[in-house]
Amino acid sequence: MTNIIVACPQCKYQMSVQGNPGERIELICPKCKIYGFFQFPEESSTAPTEDVIVVKNLTKYYGKIKGIEDLTFSVRKGEIFGFLGPNGAGKTTTIRTLLGYLHPTNGEAYILGKNIAHNIVNIKRDVGYIPGELNLYGHLTGRQFLDYFGSLRNKQLPLLTDLLQIFDVPLDRKIKGYSRGMKQKLGIIQAFMDDPDIVIMDEPTSGLDPLLQQKFYDFLRGQKKKGKTIFFSSHVLSEVDKICDRIGIIRNGKLVALEDVETLKEKMGKLFRVKIKERPEKFTGPKNMKVRDGLIEFVTSGDIDYWVKQLSHYTILDLEIHAFSLEDIFIHYYEGQA
Ligand SMILES: Nc1ncnc2c1ncn2[C@@H]1O[C@H](COP(=O)(O)OP(=O)(O)OP(=O)(O)O)[C@@H](O)[C@H]1O
Ligand SMILES: [Mg+2]
């Protein structure tokens, strides 16, 4: 029997809960009366997860302008981690700092256990990434570009042939004549061609058409199956929903959320919209309940069964249960209501 302190998801009231590993118990918050379940964690026999990217208090100021401040998070081996945030939030700054293009003002970061401050040459050899602005290499043909980065990798390029089949690019044309999507494809080929254990990318799907995006997601899923770790920034919420295991959300240079995609959805709960024949005020809902145009509205992150049963004591004229989409969740965080 273990004792765990649990915070109510709605009012944050802390309560002590007793149970056995793996046990699921019913709970009612003594303060706000919300009903829900708590699942005690299983006793794990698996090895602890390995963090392959560790970011500690990472801070970057451009003179007086804040890029990122006090960023702390880790990326685990074998996961696809999505890095999200509104324009200007600090995603590119984080990625460029991790890859040694920018020097942090403060804090530190480790990739595969190596401190980026002292090992950036080794890190850049071992980590796949799309090198900043491909226009810098505009005078090279696609083939010359891949040869050049292949030589920096100092390794075999086992995935090159497969990648060229998926992301077909005109290898003998100069990069300055490439379309945006072609440059993006070339960047992706380059990032993955030597089959690195970690790949870090800034908005890799921007400029790719929907068909290529799908091919890219399939490719990433295959990489994940092989135990590779992918860290990428994105504005495309549907892709994050489809392929990411965890996400970090950054706003105004600071991390505002770090969650499993599934947990994030569960945490946001469901919106009930109900019309009852009786006066709406007669129904006692959770604390956040509002009555709008005669409709009862409330959000619950607890078990919906409880509220459906409570409502069954009334004559229901209309009932709508709306699950928040990932888009709703992101807007909630982007707008600063978190
Ligand atoms: N070279 C620079 N000089 C001065 N300020 C900069 C520079 N680069 C970025 N910034 C500032 O740092 C902050 C974070 O910018 P960053 O480019 O990291 O955001 P982002 O999350 O990548 O945004 P987007 O989604 O638009 O790509 C912004 O306020 C931006 O204006
Ligand atoms: Mg950016």
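Indexing begins at 1, ligand by ligand and atom by atom, following the structure's order.
- Side-chain rings of F192 and F219 approach one another, their centers coming within less than 6.0 Å.
- Relative ring orientation between F231 and F73 is described as parallel, the plane-to-plane angle staying below 30° on a 0-90° scale split at 30° and 60°.
- The protein non-hydrogen atom at the shortest distance from atom 14 (C) of ligand 1 is G88 O, 3.3 Å.
- Nearest non-hydrogen protein atom to atom 31 (O) of ligand 1 is I65 CG2, 4.7 Å.
- Checked options E278, K275, K277; the residue passing with T315 is E278 (criterion: side-chain hydrogen bond (donor to acceptor under 3.5 Å, both in side chains)).
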Residue pair R221, D218: steps toward the salt bridge (charged side-chain N to carboxylate O under 4.0 Å, His left out) verdict: CA-CA 5 Å; R221 288 189 193 105; D218 290 342; 2.9 Å; yes
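- Side-chain atoms of I296 and I276, non-hydrogen and from C-beta on, do get closer than 4.5 Å to each other.
- In this structure, the protein non-hydrogen atom closest to atom 22 (O) of ligand 1 is T92 OG1, 2.7 Å.
- Protein heavy atom at the shortest distance from atom 2 (C) of ligand 1 is Y62 CD2, 3.4 Å.
- Counting only distances under 2.8 Å, and ignoring water, the protein N, O or S atoms around the Mg ion (ligand 2) are T92 OG1.
- For the pairing with W307, the ring pair (Phe, Tyr, Trp, His ring centres under 6.0 Å) check across F298, Y314, F272, Y35 returns one residue only, F298.
- Although no hydrogens or angles enter the test, the distance criterion places no donor-acceptor pair under 3.5 Å between the side chain of D51 and the main chain of I53.
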Check the pair D197 / K77 against salt bridge (charged side-chain N to carboxylate O under 4.0 Å, His left out), numbers first and verdict last. CA-CA 9 Å; D197 288 336; K77 182 177 181 334; over 6 Å; no
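- Taking the six-membered ring for Trp and thresholds of 30 and 60 degrees, Y129 and F149 have ring planes more than 60 degrees apart, a perpendicular arrangement.
- Protein heavy atom nearest atom 26 (O) of ligand 1, with residue, atom name and distance: N87 ND2, 2.9 Å.
- Ligand 1 lies less than 4.0 angstrom from a heavy atom belonging to H235.
- Contact analysis puts E203 in contact with ligand 1, with a non-hydrogen atom separation below 4.0 angstrom.
- Between G67 and ligand 1, a contact under 3.5 Å exists for no N or O pair.
- Stacking of K124 on the aromatic ring of Y101 is recorded, both the 6.0 Å distance cut-off and the 45° axial limit being met.
- Residue, atom and distance of the protein heavy atom nearest to atom 15 (O) of ligand 1 are T93 OG1, 3.7 Å.
- With values rounded to the nearest 0.5 angstrom, K56 atom NZ is found 5.5 Å from E108 atom CD.
- Closer than 4.0 Å to atom 5 (N) of ligand 1 lies at least one heavy atom of the protein.
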